[in-house]
Amino acid sequence: MKNKLIPFLFLFFAACSSGVTDKKHESPQYDGAPVYGDAFITAIASDASFLNPILASDTPSGAVNAMLFNGLLKYDENLNIACDLAESFEVSQDGLVITFRLKRNVKWHDGKPFTAKDVKFTYDILVDTNTKTPYSSSFMLVKELEIVDDYTVKAHYEQPFAPNLESWGMSIIAEHVFRGTNFNDAPANRKPVGTGPYKFESWQTDQKIVLKANPDYFEGKPYLSKYIIRIVPDSSVQFLELRNESLDSVDLTPDQWNAYDSFFKSYDKYRQATFSFTFLGFNRLRKPFDNKDFMKAVELAINKKDIIDGVLLGTGIEINGIYPPQSWAYKEIPKSEYDPKKALDILKSIGFLDIDNDGYLEYNGKPFDFTITTNQGNKQRELSAEIIQQHLKKIGINVNIRIIEFSTFINQYIAKREFDAVIIGWSTTLDPDQYSLWHSGQTAPRQYNFLSYNNPKIDKLLEQARTTFDMGKRKKMYHEIQDIMYEDPPCIFLYFPDSLSALHKRFRDVKDFPIGVGYNFIEWWTPRAEVKYSFQE
Amino acid sequence: MFNYLIKRLIYSIPILLGITIITFAVMYCTPGKPTDMIADFNIKVTSEAKERLVRLYGLDKPIHEQYWNWLKRIVALDFGNSFKDGRPASQKIIERLPATVLLNVLSIFLMLIVAIPIGVYSAVQRYSLLDRILTVMVFVCFSVPAFWIALLLMIVVGLWFGWLPISGLVSFNFENLSFFAKMWDLAKHLILPLVVSTLGSFAVLSRYIRSGMLDALRQDYIKTAYAKGLSKKQVIFNHSLKNALLPLITIIGLSIPGLIGGSFIIETVFSYPGMGRLGYDAIMARDYPVIMGIGVISAFLTLLGNIIADVLYSAADPRIRYK
């Protein structure tokens, strides 16, 4: 139940999951032609903040905004960059100019046409220093956004920067809606006007948000008439509502996933690998954690399978690197072995020895222990820490565990480098650029290389890869990064958790794409006989 | 009496001010900033973007200046805008009030209806079998965690029997219902939260009443009353219960701020849109304007509750007089 209250690490694209599925039931596709009607009711754990994609930074808002707005680009079902509001796009040879040709048949929810002016307005707002947006960074790199004509825009950059393409997945907002209002607290932040498949209908704070199908959507009107998001903070209660069939889709925790089959009579379960990993990281500013061999030994002493089976009940994958298999940058890296004996030998070779025969190793003749710190509220991390503690005890390393409230953890421990080891996770973008996580220049107190990882070869490759647009060349660089990291790992990768969900069986044409199950949501429909909710159109 | 009231009200002002200073200070001593949740550990957010947010929220100014700005606005009853969604904090609080007050008033009512008879009975029939059973029951209710009993009730009454909805304040088709259907819908949704929120609290109250009654029953005036030939009913209800109600006044006075306070656990479990969740979420997100807004209102109501309790004392007990 606490799972839902966790301060989460960030997901930029709401639907960045993919891959492995455990689907037990394929929707029958022989029910005749799709019909309009019915509603889809889902739940989020906390209320949205802004139904304005520029200002919203929380996952719940992101999930709602994804139904209301579109970006110029998006990721397609196979995780390739594709056009959304753009008809086509083109990156100049030198990577300095991206030209977007816009779709001409797109209308805002209020009927006004979508044009290049809206793109320009969105950009202007993003770079305006008075806008309370966390997303300005990528757009500050744009030197100029030029309107060529009503349906063509050009983004000029100072330097070529490959992840920029992904940044144009940013939702575009309507100029005519915000012009002349104070953007940060405009009324439209609670009554959004977008271009997306669903239109805003109502929002009752902390109760529900109701959206209705947009008949003029440029990819066609969605079959399901309403999209209702209920706010149900407690995940056990969400599960009860699911058993009661009053919710159509719910995210599951690993133990809910493994619950009795009878609970899921009317539901299909979906399981997808995510772009996020949990790791055990050491503070390289302290000894002996700066020693590669020490980390190697610790890794050999931890049985990662125990963690995945014990903590995730098997709903995760073990990967020894920074990318999940569905990423185009992924390269298969040998899994780490579990060999406590070898671990002990390595430790002995770098100065660990049990001098007083108390069962614990001494380091350079002095008693040795270290503390794993992690944030409160994330049961999986707490349990992982306990399992690691047990495993390391077997080879004679004494581990303490400290659980700290998230904000305190970040401010007092991470930012001040006041830790020996941490268990934490990253949710990454689909673009493989992880410059900010591993580059040795990103170690200021508030920056993200808080483990102080420093490998000049990695630095160089990270710099090169983010300025290369050629996919083939970029891929090679990221493969090389993974090879180097195998030899000199920045941390001990524990697991990539799967995202787990259940979906009601009455929906047809539900397809399980690498990017996630909701990708073709507008094509989902319910046969007349199974319609659960009816509305007067 | 009137002068006394005026004096109490004037004394309340520095206390209120002190409370706001302490709240403000504690809030700032708590590690973390409102921008943490937005910007920290988000790969897409650079440190420049973070600084921009800090500046726009006015968090770069020294703490005394921030407090002074806040105080200046509060005099004009402006609680500032929430950092989370940019809406006025006062509006967010007011929006939660009806649902919260509704649940709490009903809950206090239910608590009194249940607790007084149990307390009186337990005192009058002390050590009888039923008294013992009630005592055990009351302690069980007091000891079981609210969220556990809530989930259990949801499974039994909501899921197995399907008598009541599991969570929420109203059904999702509420707007389309007729007036009476709306009332019925609301009532159905209220039953479980009401039962759960009352279970824990009536235990304490019934024990207070029991011991108050026991005290009163031992007094000489009870003997006098019996000697005068009054019936047992008259003695219990007119003579001893009235005297046993004094602690009740304190409890009710103290529960006035609780009226708008709400319970985080019950609200979370039942997906109930109340103040408890608003306050908890605000604290976790370091949403200063909302935290301060709730703080000021609760402090004000606590002080008010104390004053009202004092006034009621003198009404209930002729021995207490204020000058």
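In what follows, every chain begins at residue 1, and chains take the letters A, B, ... in the order their sequences are listed.
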*Asks:* Which distance, rounded to the nearest 0.5 Å, do you find between the OG of A:Ser46 and the NZ of B:Lys84?
*Replies:*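 A:Ser46 atom OG to B:Lys84 atom NZ measures 5.5 Å (nearest 0.5 Å).
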
*Asks:* Give the minimum heavy-atom separation between B:Ser171 and A:Lys208, together with the two atoms involved.
*Replies:*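 The pair with the smallest heavy-atom distance is O-NZ, 4.4 Å.
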
*Asks:* Measuring from atom CD1 of B:Ile166 to atom CG of A:Asn244, what distance do you get when rounded to the nearest 0.5 angstrom?
*Replies:*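 Rounded to the nearest 0.5 Å, the CD1-CG separation comes to 3.5 Å.
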
*Asks:* Based on non-hydrogen pairs under 4.5 Å, which of A:Ser136, A:Ala415, A:Ala444, A:Ser202 is most in contact with chain B?
*Replies:*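 The candidate making the most pairs under 4.5 Å is A:Ser136.
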
*Asks:* Please determine, among A:Asn189, A:Val210, A:Asp128, the option with the most heavy-atom pairs under 4.5 Å with chain B.
*Replies:*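 Of the candidates given, the most pairs with chain B belong to A:Asp128.
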
*Asks:* Measure the spacing between OG of B:Ser271 and CD of A:Glu241 and express it to the nearest 0.5 Å.
*Replies:*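 Here the interatomic distance stands at 6.5 Å.
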
*Asks:* In Å, rounded to the nearest 0.5 Å, how long is the span from CD1 of B:Ile155 to OG of A:Ser236?
*Replies:*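 Going from CD1 on B:Ile155 over to OG on A:Ser236, the span is 9.0 Å.
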
*Asks:* Can you tell me how far the CG atom of B:Asp85 sits from the CG atom of A:Asp47, to the nearest 0.5 Å?
*Replies:*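 With rounding to 0.5 Å, CG (B:Asp85) is 8.0 Å from CG (A:Asp47).
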
*Asks:* Is it the case that over 12 heavy atoms from other parts of the model lie below 6.0 angstrom from the CZ atom of B:Phe300?
*Replies:*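 No, because the 6.0 Å sphere around CZ of B:Phe300 holds 12 heavy atoms or fewer from other groups.
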
*Asks:* Looking at A:Thr205 and B:Arg87, what are the two nearest heavy atoms and their distance?
*Replies:*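 That closest heavy-atom pairing would be OG1-NH1, 3.9 Å.
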
*Asks:* Just so I understand: if I count every heavy-atom pair under 4.5 Å between each of A:Ser49, A:Ala43, A:Ser61, A:Ala39 and chain B, which residue has the most?
*Replies:*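 The candidate making the most pairs under 4.5 Å is A:Ser49.
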
*Asks:* Given a strict heavy-atom distance threshold of 4.5 Å, which part of A:Tyr533 is in contact with chain B: side chain, backbone, both, or neither?
*Replies:*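 The answer is the side chain of A:Tyr533.
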
*Asks:* With only heavy atoms counted, which part of A:Glu245 is less than 4.5 Å from chain B, the side chain, the backbone, both or neither?
*Replies:*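 Neither the backbone nor the side chain of A:Glu245 comes within 4.5 Å of chain B.
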
*Asks:* Which bit of A:Ile228 is near chain B, if near means a heavy-atom gap under 4.5 Å: side chain, backbone, both or neither?
*Replies:*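 The side chain, not the backbone.
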
*Asks:* Flag the one option from A:Asn52, A:Asn184, A:Asp185, A:Thr408 with the top tally of heavy-atom pairs under 4.5 Å to chain B.
*Replies:*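 With the most close heavy-atom pairs to chain B, the winner is A:Thr408.
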
*Asks:* Heavy-atom cut-off 4.5 Å, strictly under: side chain, backbone, both or neither for B:Asn176 against chain A?
*Replies:*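 The answer is neither part of B:Asn176.
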
*Asks:* Return the minimal non-hydrogen interatomic distance between A:Thr133 and B:Arg52, and the atom names on each side.
*Replies:*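 Looks like CG2-NH1, 3.4 Å.
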
*Asks:* Would you compute the distance between atom CG of A:Asp206 and atom CG of B:Leu169 and round it to the nearest 0.5 angstrom?
*Replies:*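 Reported value, rounded in 0.5 Å steps: 11.0 Å.
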
*Asks:* Would one find more than 12 heavy atoms of other residues, nucleotides or ligands at under 6.0 Å from atom NZ of A:Lys265?
*Replies:*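 No, NZ of A:Lys265 has 12 or fewer neighbouring heavy atoms, counting only those of other groups under 6.0 Å.
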
